[in-house]
**Student:** 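Here it is, the structure, as structure tokens.
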Protein chains: 2
Amino acid sequence: MENVFVIGVGLIGGSFALDIKKQNSECHIFGIDKNESHLDEAIGLGVIDEKSSFEELDKADLVIIAIPVDATLDVLPKVLDKINDNTIVFDVGSTKEDICLKVKSHPKRRNFLAAHPIAGTEFSGPKAALEGLYRNKTNIICEVEETAFKLQEKALKLFSELGMRIRYMNPKAHDKHIAYVSHLSHISSFMLGKTVIEKEKNERDIFDMAGSGFESTVRLAKSSPAMWTPIFQQNKTNVIETLDEYISNLKHFKQLMENGDFEAVYNEMETTNHIKDILNGIQ
Amino acid sequence: MENVFVIGVGLIGGSFALDIKKQNSECHIFGIDKNESHLDEAIGLGVIDEKSSFEELDKADLVIIAIPVDATLDVLPKVLDKINDNTIVFDVGSTKEDICLKVKSHPKRRNFLAAHPIAGTEFSGPKAALEGLYRNKTNIICEVEETAFKLQEKALKLFSELGMRIRYMNPKAHDKHIAYVSHLSHISSFMLGKTVIEKEKNERDIFDMAGSGFESTVRLAKSSPAMWTPIFQQNKTNVIETLDEYISNLKHFKQLMENGDFEAVYNEMETTNHIKDILNGIQ
């Protein structure tokens, strides 16, 4: 019988638990979470089978670390200290460089696989866990060569059963590119939400005017600050670079409008329009 | 038999045509469009019954003007010149001040209703027309008092049959608020798309890393530049104001990151998080 430990029973960890249980009903799912009420909720929802603790990690076959990336820096070495030689541990964090560095010289480094499943919603907690969340999603694996063959194989088999496609990258490249295609989107969304709320705070009715376009661009502003703050902190240099470029593009667009150069405004949009083709390639 | 003329047989006009036909099968739908191939396509798709021209507008009972807002400024007075006394004409443009001003003194002003249905998708053309697009959507009516009672009534009955809820505003307030809840979203999305495409142009594979979050924030960057350029032009002052505030919020966020003040970064997101409640109110 496989013992699966999920540390952090929220959206990401909980969704792994649901799919693993569905694939292998004989698995036993243990949950660890610093939020006791989340554990109770997860049991009630059938997301995990029972509560557990770090002391029991020696019986784990698989450990999934699905907590904010600052907590992962602290928890991952402690998990590696506890597990036995045949346990595979993977994280799911949206930053990879700091995490890989942190365990670079850990004696159990080969039991760890650095992963980033590109999946999620703007919600959080055990209630947000979804069956099938990972189907057709990309999972980025970093420094795969640092993980023991047999354990790589075990994790990759699981990802494949869950329907994920795998991409291999080095942690530096991961953090740089993910800043553009994910982290910047979150900041643009939060700041868009802020701008509109500030302006319209005394006129709540105004949101009646908002359509699906507004909803789509501010959706990510519902995301969890506890999850995102440490991501921005760990990926500070890359994220600041993306913000510089984004702000500079917005200023340029504004300048074109101020100059009354609407032919150029048209061209700005026309050029970006081919994002259609790019996005069609995403899924 | 009701003769309905739809000027501009794209997403918005075509969707009106489909729903009107469904509600009242005895209606005859005439299409006018400067793009001849769109007219053929619209006939083929059953969006309109036949092609028509401005010369035939004297037999119209209802005229819907669903073309870019710069073209509306030109076309609306010509339509009003042609119609008879019992015809109701409405537009659907995303700006209202210039359009209302343009026909302020037209002898047929009372045959016109200034409308802005908050509905649409990022696609365009007759193929983008959707049945039921307007169900549960907001329709903002401006200067309702300038429209003849009986004709107001006729238009409102139609909007109600299509499932829309009505909000009344003056054109100035409409243009100011819609800049925040719609126009700014489009620019933020276009510039986000631009920023990422510029950076990643030589690494198309990178878009494999993009998830639903990125897709959601750049969805509007697929929108039609021909539709949006004249909107930004007509609403220039308000849109520039929203851009100033948005850019200033982004710069502030970047400054907090540069200062390493991640407690403040957290608070920025936490404060904006209540957009959840606001958005839940939208639909």
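Note on naming: letters A, B, ... go to the chains in the order of the sequence lines (proteins, then strands), and numbering restarts at 1 for each one. Side chains are part of it too, since the values below use all heavy atoms of this structure and drop only hydrogens, waters and symmetry mates.
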**Student:** With a 4.5 angstrom heavy-atom cut-off, which part of B/Thr242 approaches chain A: side chain, backbone, both or neither?
**Tutor:** backbone
**Student:** Using heavy-atom distances under 4.5 Å, tell me whether B/Leu192 contacts chain A through its side chain, its backbone, both, or neither.
**Tutor:** both
**Student:** Under a 4.5 Å heavy-atom cut-off, does chain B meet the side chain of A/Ser182, its backbone, both or neither?
**Tutor:** neither
**Student:** Looking at chain A, which one of B/Thr271, B/Ile187, B/Leu184, B/Asn139 has the largest number of heavy-atom pairs inside 4.5 Å, strictly under?
**Tutor:** B/Ile187
**Student:** With rounding to the nearest 0.5 Å, note down the distance linking CD in B/Glu198 to OH in A/Tyr246.
**Tutor:** 13.0 Å
**Student:** In the structure I gave you, are the side-chain heavy atoms of A/Phe253 and B/Ile247 within less than 4.5 Å of one another anywhere?
**Tutor:** no
**Student:** Please classify the contact of B/Ser188 with chain A as side chain, backbone, both or neither, using a heavy-atom distance under 4.5 Å.
**Tutor:** both
**Student:** Counting C-beta onward and ignoring hydrogens, is there a side-chain heavy-atom pair between A/Met269 and B/Met227 closer than 4.5 Å?
**Tutor:** no
**Student:** Would one find more than 12 heavy atoms of other residues, nucleotides or ligands at under 6.0 Å from atom NZ of A/Lys236?
**Tutor:** yes
**Student:** Rounded to the nearest 0.5 Å, what's the gap from NE2 on B/His186 to OG1 on A/Thr217? Could you check?
**Tutor:** 8.0 Å
**Student:** Would you say that B/Lys199 contacts A/His177 through its side chain, given a criterion of any heavy-atom pair below 4.5 Å between the two side chains?
**Tutor:** no
**Student:** So, taking the atom named OG in A/Ser212 and the one named CD1 in B/Ile118, what distance separates them when rounded to the nearest 0.5 Å?
**Tutor:** 10.0 Å
**Student:** Is the closest side-chain heavy-atom distance between A/Arg219 and B/Arg219 below 4.5 Å?
**Tutor:** no
**Student:** Are the side chains of A/Met209 and B/Arg167 in contact, using a 4.5 Å heavy-atom criterion?
**Tutor:** no
**Student:** Contact between A/Phe190 and B/Glu268 at the side-chain level, heavy atoms closer than 4.5 Å - yes or no?
**Tutor:** no
**Student:** Answer whether the closest heavy-atom distance between the side chains of B/Asp244 and A/Lys254 falls below 4.5 Å.
**Tutor:** yes
**Student:** Taking side chain as everything from C-beta outward and backbone as N, CA, C, O, which of these in A/Ile140 sits under 4.5 Å from a heavy atom of chain B? Side chain, backbone, both or neither.
**Tutor:** side chain
**Student:** Report the option among A/Glu258, A/Glu245, A/Met257 that has the most heavy-atom pairs separated by less than 4.5 Å from atoms of chain B.
**Tutor:** A/Met257
**Student:** Output the option from A/Ile178, A/Val265, A/Thr121 having the highest count of non-hydrogen pairs under 4.5 Å with chain B.
**Tutor:** A/Ile178
**Student:** In Å and rounded to the nearest 0.5 Å, what is the CG to CG distance from A/Leu243 to B/Leu250?
**Tutor:** 6.5 Å
**Student:** Please classify the contact of B/Ser223 with chain A as side chain, backbone, both or neither, using a heavy-atom distance under 4.5 Å.
**Tutor:** backbone
**Student:** Using heavy-atom distances under 4.5 Å, tell me whether A/His252 contacts chain B through its side chain, its backbone, both, or neither.
**Tutor:** side chain
**Student:** Does any heavy atom of chain A fall under 4.5 Å from the side chain of B/Gln255, the backbone, both, or neither of them?
**Tutor:** neither
**Student:** Heavy-atom pairs under 4.5 Å with chain A: which of B/Leu220, B/Ile240, B/Val196 has the most?
**Tutor:** B/Ile240
**Student:** As an exercise, state the distance from CD of A/Gln233 to CZ of B/Phe262, rounded to the nearest 0.5 Å.
**Tutor:** 5.0 Å
**Student:** So for atom CD, which belongs to B/Glu145, do other residues, nucleotides or ligands contribute more than 12 heavy atoms lying within a distance under 6.0 Å?
**Tutor:** yes
**Student:** Given that the side chain runs from C-beta out, which part of B/Ala226 has a heavy atom under 4.5 Å from chain A: side chain, backbone, both or neither?
**Tutor:** both
